[in-house]
Amino acid sequence: MSEEPREKPSHFIRDAVVEDLQTGRFKGVVTRFPPEPNGYLHIGHAKAIALDFGLALEFGGRCHLRFDDTNPAKESQEYVDAIMCDVRWLGFDWGAHLYYASDYFQQLYDWAVQLIRAGRAYVDDLSADQVAEYRGTLTQPGKESPYRSRSVVENLDLFERMRRGEFPDGTKTLRAKIDMAAGNLNLRDPVMYRIRKTSHHRTGDAWCIYPMYDWAHGQSDSIEGVTHSLCTLEYEDHRPLYDWYLDALGIYHPRQIEFARLNLSHTVMSKRRLLTLVEEGLVSGWDDPRMPTLAGLRRRGYTPEAIRDFCERIGIAKADNLVDVALLEHCVREDLNRRALRRMAVLRPLRLVIENYPEGQVEELEAVNNPEDSLAGTRKVPFSRVLCIEQDDFRDPPPPKYFRLSPGVEVRLRYAYIVKCTGVVRDAAGAVTEVRCTYDPASRGGDARGRKVKGTIHWVSASHSVRAEVRLYDNLFSVPKPDEVEDFKSVLNRHSLEVLTGCRVEPFLAGAEPGSRYQFERQGYFCVDSLESSPSGLVLNRTVGLRDTWAKIEKAEGH
RNA sequence: UGGGGCGUGGCCAAGUGGCAAGGCGCGGGACUUUGGAUCCCGUAUUCGGAGGUUCGAAUCCUCCCGCCCCAACCA
């Protein structure tokens, strides 16, 4: 295993980090991945995780996992657990640096008091609607709240009573006193605290006022000594506020840098839309193998390595993007090609009878486990007179450039023998129910002995194979940009899941471990479903198909 | 006459004054007991547009065009 560590492609954030280290602005690198525990992580988060943890690793620093849990109404322990599980699975380690914004509630409260004392924050009695009204519009300045000029003493008193729970939800807020005429709406006296008499999954009922994102985030970064606070583009407008709070408080000041979030073709990435799919039962859950969630990709059979590689290849930049899902698929294929053991499985069985093969005879033929890895060894596959082959591997008449079985034609049975089709059996409707052939005993192992045999097909012994259910997945959406359609649900791919129940797999697969991955020769990569597969009922998920040149030819040839 | 960003091939993306990296995809070929893998070759006279500066510009200047984000007591 002499993996040449591919040179890390550079990007503007790495450049900025290098510069900050050189100029002495920061002495080391401390990053953080700050998910809100209100949903499952998806491939877009993987990009951020790889960036945050990757940079820390690269510069000998550290990366914190910090839950941004400032909105108890939407957050829960279920999500906290799922997120930690996913980050670990992806291969990253936060060591002892697990934090929660809720751990800082007291410190944040004290700092708020500090701002009130400095005359930089005030308690406002305006209702939510009024606050919106007073904010003005994109093109018109807002106007100051009538409560903006309350005295420090009064503000201090009111704020403390807010905390004690003397006022009902929504009746008061604490706001920073900045500039109601600012072009950047985030600076028009942003709300720092709102009253919410809701218990929090970690702090219980200790608090009834909760900090807003902007008030919590920068200060949390500061407390933890974060150097580079990396986030997505939509927070660019928040940076002036991030900086304002830190400066107003006069505390350690990390640097926020924004990058473009990932968009993947043929799927949706917004938490709101993913939640809709889950809640409306359009998918089986957050871990449905068609979902772009890490839980879904994991169940689909994706490897952490492939996802990390993908994250590296897409790069980090500031331009809006839509990455072709074909790149993600390429990454798993590349990873699995060199690691997955090969097996034979017939998804849509067609009976093949070898007329001149002795009745009752069984041979154990040797098959290579992985041609890409000589250490993977070989296995024995039972061969007998009656086999199952793929329905697609027999055509009568054969279309142009078809290399597989058809009347009078010879084909190789992978690792077995060369067989020649002698005829077919059809049912009353004319459908082929059985293919007949003879074999060449001298071609054992598949040796064509000089002959040109263009096709090689996979097979399974009818009586020795094991039954299995196979689930074939396709893109969740039928268009590249479902987000741009009026109703994204109208463009769901109706064929995103195809369940095949009569599949036959080679006996070696009988005891396959849940989650284990294989390449089914000539078909694709599959993994044993981790939830619904059992020894008595094997269930396999197709991670991704193999590149299919024949499909392209067939498509180009006509229909 | 609101603010903040972004525009390099079908999709990502390097490049930051010296004459367009790389990857995916696509097309062609070699090889092949997976029509897989692997290996070759091809794929932007041009960098949103128009001017300008310069011996020389995707890179600097000016104007224009287009796209994205922001008016939750969400993050």
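Taking a pair to require two hydrogen-bonding distances under 3.5 Å in either a Watson-Crick or a G-U wobble arrangement, B/G17 remains unpaired. When both distances must be under 3.5 Å, the Watson-Crick or G-U wobble mate of B/U43 is B/G25. B/C6: Watson-Crick or G-U partner is B/G66, with both key distances under 3.5 Å. In this entry B/C60 has B/G52 as its Watson-Crick or G-U wobble partner, both defining distances falling under 3.5 Å.
The CZ-C1' distance, from A/Phe12 to B/G15, rounds to 16 Å in whole Å. In this entry the distance linking CD of A/Glu521 with C1' of B/G35 reads 13 Å, nearest Å. Per the geometry, CD belonging to A/Glu329 stands 16 Å off P belonging to B/C12, to the nearest Å. Protein atom CG of A/Leu336 is 19 Å distant from nucleotide atom P of B/U34, rounded to whole Å. As a whole-Å value, the separation of A/Met180 CE from B/G2 P is 19 Å. Rounded to whole Å, the distance from CG on A/Leu322 to C1' on B/C6 is 16 Å. For the pair A/Ile178 CD1 and B/G3 C1', the computed distance is 15 Å after rounding to whole Å. A/Lys481 has its NZ atom 12 Å from the P atom of B/C67, to the nearest Å.
Stacking of A/Arg202 on the aromatic ring of A/Tyr100 is recorded, both the 6.0 Å distance cut-off and the 45° axial limit being met. A cation-pi arrangement is present between A/Arg343 and A/Phe508 under the rule of less than 6.0 angstrom and at most 45 degrees off the ring axis. Relative to the ring axis of A/Phe520, A/Arg342 does not place its NZ or CZ within 45° and under 6.0 Å from the centre. Both the sub-6.0 Å distance and the 45° axial angle are satisfied by A/Arg273 relative to the ring of A/Phe488.
Side-chain atoms of A/Glu258 and base atoms of B/G4 include no donor and acceptor less than 3.5 Å apart.
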Name the pairs: protein N/O against N/O of nucleotides 21-25 of chain B, kept only if under 3.5 Å.
residue	atom	partner	partner atom	Å
B/G23	O2'	A/Arg313	NH1	2.9

Notebook entry, point to check: Can you give one letter per nucleotide of nucleotides 68-75 of chain B, 5' to 3': B if a protein heavy atom sits under 4.0 Å from the base, S if only from the sugar-phosphate, - if neither?
Noted result: SBBBSBSB

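Along RNA chain B, the nucleotide nearest to A/Asp447 and the one nearest to A/Ala182 differ in position, and the one closer to the 5' end is contacted by A/Ala182.
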Next item on the list: Let me see the working for A/Thr456 and A/Arg412 under side chain to side chain donor-acceptor pair (under 3.5 Å), right down to the final yes or no.
Entry: CA-CA 5 Å; A/Thr456 297; A/Arg412 170 168 32 241; 3.2 Å; yes

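Dashed line: the shortest gap from a side-chain N or O of A/Arg404 to OP1 or OP2 of B/G35 is not under 4.0 Å.
Among the candidates A/Tyr439, A/Trp459, A/Tyr415, the single residue satisfying the ring pair (Phe, Tyr, Trp, His ring centres under 6.0 Å) test with A/Phe383 is A/Trp459.
Taking the P atoms as reference points, B/U53 lies 15 Å from B/C61, given to the whole Å. B/C47 and B/A21 have their C1' atoms separated by 14 Å, given to the nearest Å. Look at the C1' atom in both B/G18 and B/A13: the space between them is 22 Å, to the nearest Å. Comparing the same atom, P, in B/U45 and in B/G10 gives a spacing of 10 Å after rounding to whole Å. Atom name C1', nucleotides B/C70 and B/G49: the rounded distance is 28 Å, in whole Å. Straight-line distance between the P atoms of B/A57 and B/U16: roughly 16 Å, to the nearest whole Å.
Side-chain contact of A/Thr378 with A/Asn369: a donor-acceptor pair under 3.5 Å is absent, judged by distance alone.
For A/His64 and A/Tyr99, the gap between ring centers is short of 6.0 Å.
Nearest nucleotide to the A/Pro371 side chain, out of B/C12, B/G36, B/G35: B/G36.
Residues that satisfy the ring pair (Phe, Tyr, Trp, His ring centres under 6.0 Å) test with A/Trp244, not counting sequence neighbours, are absent from this structure.
Enclosure of atom NZ in A/Lys318 by more than 12 non-hydrogen atoms of other residues, nucleotides or ligands within 6.0 angstrom is indicated.
Using a 4.0 Å heavy-atom cutoff across all strands shown, A/Gln519 reaches at least one base atom of the nucleic acid. A/Arg188 comes within 4.0 angstrom of no nucleic acid atom, judged by non-hydrogen atoms across all strands. A/Thr549 comes within 4.0 angstrom of sugar-phosphate atoms only, judged by non-hydrogen atoms across all strands, and of no base.
Ionic pairing of A/Glu410 and A/Arg451 is present here: one or more N-O contacts between side-chain nitrogen and carboxylate oxygen are shorter than 4.0 angstrom.
For B/A13, the base is anti relative to its sugar; the glycosidic angle deviates from 0 by more than 90°.
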